[in-house]
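Take a look at the structure below.
Only this structure's heavy atoms are used, side chains among them; waters, hydrogens and symmetry mates stay out.
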Amino acid sequence: MIETNTKSPLDHYYQQVQDIILGRQDPITGLLPASTAVTAHGDYTDAWVRDNVYSILAAWGLALAYRRSDENKGRTYELEQSVVKLMRGLLISMMRQAHKVERFKHTQDPLDALHAKYDTHTGDIVVGDHEWGHLQLDATSLYLLMLAQMTASGLRIIFTIDEVNFVQNLVHYIGRAYRTPDYGIWERGNKSNHGVAELNASSVGMAKAALEAMSGFNLFGTDGDQASIIHVLSDEVARSRIALESLLPRESISKEVDSAVLSIIGYPAFAVEDQDLLEKTEQHICEKLEGKYGCKRFLLDGHQVVIEDRHRMYYESHELKQFIDIECEWPLFFSYLLLNNLFANNTEKAHEYREKLKGLLVEHNGQLLLPELYIVPEDK
């Protein structure tokens, strides 16, 4: 007799989310380590704000699916509370730096920025203000965008008026993203990694999406009153849109094309309203950066290539040409392209990227996982 698999697709995904993500969630803080690795590039066991929010979206999405299917309501509640725990863990870590948020509104000094990562087990800071490119407005904006969406879905993440006031301050913190150079999604600033902040389209776009989501939003959901409504200046949304449209299809002055922009022309930000500009930007990224194993982050990206000098954080401008055609390819960006094509109802293109992703999976501890990146070997 042939044994049939009685597991539903949701149960299969539940096991994956448990094993790969929630099994690593800290029971005290609710935070997730970016990885279990400590390498020459750094200690990845810390909890990055951006990585935590993106990771917990899998649990939230699965909870929504269980909710709609009327299957196993215990799992729905368990997944939802894992999401609440993580989002509150990040909130508490950031609230410990409320004085920095207040100061940054006046100084716009990168050294007054909220930290980009925290200790997974305590929520405390792990590196000094000078030791990291902490000013990453896209990460704070992503948190606010998803806070609004999760609250709208029925989750209760914000508990008190003090927390409402802090979130209102975070809205002011990202409000001038349209004119605030930051270190961006790759944390290093300009292409040569000198730590020079730039105006980044991916940060401006994520801030625009967060401001639109938060405008007039009640953080207590259906139980709130006027005191828990967030206020956004309409000028800040308009200026963000103008700045974004003037930057695209570029990411910044030094990066003529960057795969990070995929996150704002489609999922999760959907920040670009001009359809022609959206299509032009995606085409630009695919033509310049897409390869067999994923997309390059940006042209002349030396990160983790085999000839990179790992004892240095930066390159001189004339050294960048050594990375031509050997930049690493990141499968992650096929995931963005898959989702963006699904939302655009381009099912044939979405299927194409799904098949590409399947071909890149690597078996590890019984799970099929996507590698972080693919490298051109030295002998090639």
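Note on R50 versus D138: salt bridge recorded, some NZ/NE/NH1/NH2 to OD/OE distance being below 4.0 Å. Salt bridge absent: D109 and R103 never bring a charged side-chain N and a carboxylate O closer than 4.0 Å. Salt-bridge annotation for K358 and E355: present, with a side-chain N of the basic residue lying under 4.0 Å from a carboxylate O of the acidic one. Salt-bridge formation is detected for the pair K100/D129: a Lys NZ or Arg NE/NH1/NH2 atom is positioned less than 4.0 Å from an Asp or Glu carboxylate oxygen. Using a cutoff of 4.0 Å between basic side-chain nitrogens and carboxylate oxygens, D223 and R156 are scored as salt-bridged. Ion pairing of K191 with E256 is present here, as a side-chain N (NZ or NE/NH1/NH2) and a carboxylate O approach within less than 4.0 Å. Salt bridge R239/E236: absent, no basic N to carboxylate O contact under 4.0 Å. A salt bridge links K208 with E273: the closest approach of a Lys/Arg side-chain nitrogen to an acidic carboxylate oxygen falls below 4.0 angstrom.
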Stepwise, does the side chain to side chain donor-acceptor pair (under 3.5 Å) test hold for N340 with E282? CA-CA 10 Å; N340 292 355; E282 182 174 313; 4.7 Å; no

Quick one: do E279 and Q275 satisfy side chain to side chain donor-acceptor pair (under 3.5 Å)? Show the steps, please. CA-CA 6 Å; E279 291 172 3; Q275 188 63 29; 3.1 Å; yes

List the steps, then state whether salt bridge (Lys or Arg N to Asp or Glu O under 4.0 Å) holds for K280 with D274. CA-CA 10 Å; K280 178 184 175 184; D274 184 330; over 6 Å; no

Could you go through the side chain to side chain donor-acceptor pair (under 3.5 Å) check for S153 and W60 one step at a time? CA-CA 10 Å; S153 78; W60 179 49; 3.2 Å; yes

Begin from the C-alpha positions of R96 and D124 and carry the test salt bridge (Lys or Arg N to Asp or Glu O under 4.0 Å) through to its verdict. CA-CA 8 Å; R96 290 174 180 163; D124 294 333; 3.0 Å; yes

Between Q15 and D11, is a side chain to side chain donor-acceptor pair (under 3.5 Å) present by the stated rule, with each step listed? CA-CA 6 Å; Q15 201 56 55; D11 292 339; over 6 Å; no

Can Y267 and Y336 be said to form a ring pair (Phe, Tyr, Trp, His ring centres under 6.0 Å), step by step? CA-CA 7 Å; Y267 182 84; Y336 280 111; 7.5 Å; no

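Taking the centre and axis of the six-membered ring of Y183, the NZ or CZ atom of R188 falls outside the cone set by 45° and 6.0 Å. The cationic group of R88 lies under 6.0 Å from the six-membered ring centre of F159 and within 45° of the ring axis, placing it in a cation-pi geometry.
Within the model, atoms OG of S335 and CG of L357 stand 4.5 Å from one another, a figure rounded to the nearest 0.5 Å. One finds the NE2 atom of H231 at 6.0 Å from the CD atom of Q168 (value rounded to the nearest 0.5 Å). The structure places CD of Q322 at 8.0 Å from CG of L320, a figure rounded to the nearest 0.5 Å. Taking NZ of K288 as the reference point, atom OG of S259 lies at 13.0 Å (rounded to 0.5 Å). Taking CG of L114 as the start and NE2 of H134 as the end, the distance is 10.0 Å to the nearest 0.5 Å. Here CD1 of I307 is found 8.5 Å from CD of E378. Values are rounded to the nearest 0.5 Å.
Just one of D51, N52, V127, L31 meets the side-chain contact (heavy atoms from CB on, under 4.5 Å) condition when paired with K117; it is V127. Exactly one residue among T180, D182, T140 makes a side-chain hydrogen bond (donor to acceptor under 3.5 Å, both in side chains) with S203. That residue is D182. Among T151, L144, I229, the single residue meeting the side-chain contact (heavy atoms from CB on, under 4.5 Å) criterion with F217 is T151.
Closest of all the heavy-atom pairs between L145 and A209 is CD1-O, 3.8 Å. Of all non-hydrogen atoms in T29 and T120, the two that sit nearest each other are OG1-O, 2.6 Å. Of all heavy-atom pairs between E290 and Y353, the closest is OE1-OH, 3.0 Å. Considering every non-hydrogen atom in both A269 and G205, the closest pair reads CB-O, 4.3 Å. M87 and I157 get closest at one heavy-atom pair: CB-CG2, 3.8 Å.
For the pair T281/L262, no side-chain contact is recorded, criterion being any heavy-atom separation below 4.5 Å from C-beta on. Contact check for N190 versus I253: no side-chain heavy atoms found under the 4.5 Å cut-off. Proximity of K85 to S82: side-chain heavy atoms (C-beta onward) are nowhere separated by under 4.5 Å. In this structure the side chain of F166 reaches within 4.5 angstrom of the side chain of V101, judged on heavy atoms. Under the 4.5 Å side-chain criterion, counting only non-hydrogen atoms from C-beta, K356 is not in contact with L338. Taking 4.5 Å as the limit, every side-chain heavy atom of L337 sits out of range of all side-chain heavy atoms of I285. Inter-residue side-chain proximity for C328 and Y293 is flagged as unmet; no heavy-atom pair is nearer than 4.5 Å. The closest side-chain heavy-atom distance from W330 to H303 is below 4.5 Å.
For H364, the NE2 atom counts as loosely surrounded, since its 6.0 Å shell holds 12 or fewer non-hydrogen atoms of other residues, nucleotides or ligands.
Y77 and M150 end up in different hydrophobic clusters when Ile, Leu, Val, Met, Phe, Trp and Tyr side chains are linked at under 4.5 Å. In the hydrophobic clustering of this structure, Y13 groups with L369; members are Ile, Leu, Val, Met, Phe, Trp, Tyr whose side-chain heavy atoms approach within less than 4.5 Å, directly or through other members. Linking ILVMFWY residues whenever their side-chain heavy atoms come closer than 4.5 Å, directly or via other members, leaves I161 and I92 in distinct clusters. By the rule that hydrophobic residues join a cluster once side-chain heavy atoms approach within less than 4.5 Å of another member, F343 and M206 end up as members of one cluster. No continuous path of hydrophobic side-chain contacts links V196 to L247 [ILVMFWY only; heavy atoms under 4.5 Å].
Between the side chain of N200 and the main chain of S202, no donor-acceptor pair closer than 3.5 Å is present. A donor-acceptor pair is defined here as one N or O able to donate and one able to accept, closer than 3.5 Å; no such pair exists between the side chain of K296 and the backbone of L289. Looking only at distances, a side-chain donor or acceptor of E363 sits under 3.5 Å from a matching main-chain atom of G366. Side-chain atoms of E327 come within 3.5 Å of backbone N or O of D325 as a donor-acceptor pair. A donor-acceptor contact shorter than 3.5 Å is absent between the side chain of E187 and the backbone of G184. Within the 3.5 Å criterion, the main-chain N or O of V237 finds no donor-acceptor partner in the side chain of R241. No donor-acceptor pair under 3.5 Å is formed between the side chain of Y178 and the backbone N or O of A207. In this structure, the side chain of H115 does not engage the main chain of I125 through any donor-acceptor pair within 3.5 Å. Within the 3.5 Å criterion, the main-chain N or O of I375 finds no donor-acceptor partner in the side chain of E329. Within the 3.5 Å criterion, the main-chain N or O of Y66 finds a donor-acceptor partner in the side chain of S69.
Between the side chains of W186 and D301, no donor-acceptor pair is found at a separation under 3.5 Å. Y118 and Q97 are linked by a side-chain donor-acceptor pair at a separation below 3.5 angstrom, with hydrogens and angles left out of the test.
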